[in-house]
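Here's the structure we're looking at; comments come further down.
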Amino acid sequence: MKCKICSKDAQENGFCMLHLKAYQNIIDKFDVWKKASDTFWSQYLVEIQKNSLTGEWAKEVAKYLIKEENGNVK
Ligand SMILES: [Zn+2]
């Protein structure tokens, strides 16, 4: 099984170790965001992509999740 984003060997969830770590960070931070502001998941993903402080890995994961939300993943 390959990572859904890059083509490295995937761990659980279909992400490689680095993308999985970024994914888990995104999930963790969303809980904080939800409490601070009434942000929707999809809005949050867009913010991650725009945020210059977000690492490249997290941006790639956010981009992938947005595509998935929109049903564009094959
Ligand atoms: Zn990957």
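Just so you know, ligand 1 is whichever comes first in the structure, and atom 1 is the first atom listed for that ligand.
Here the shortest heavy-atom pairing between S42 and E69 reads CB-OE1, 4.2 Å. Across all non-hydrogen atoms, the minimal contact from A62 to Q49 is CB-CG, 3.9 Å. Taking both residues in full, the closest heavy atoms of D38 and Q43 are given as O-OE1, 4.2 Å, listed atom of the first, atom of the second, then distance.
Shown here are the ring pair (Phe, Tyr, Trp, His ring centres under 6.0 Å) partners of Y44, two or more places apart in sequence or in another chain: F30, W33, W41. For D28, there are no salt bridge (charged side-chain N to carboxylate O under 4.0 Å, His left out) partners at least two apart in sequence or on another chain. Residues that satisfy the salt bridge (charged side-chain N to carboxylate O under 4.0 Å, His left out) test with K35, not counting sequence neighbours, are absent from this structure.
Sorted by chain and number, the protein atoms of type N, O or S within less than 2.8 Å of the Zn ion (ligand 1) are C3 SG, C6 SG, C16 SG, H19 ND1.
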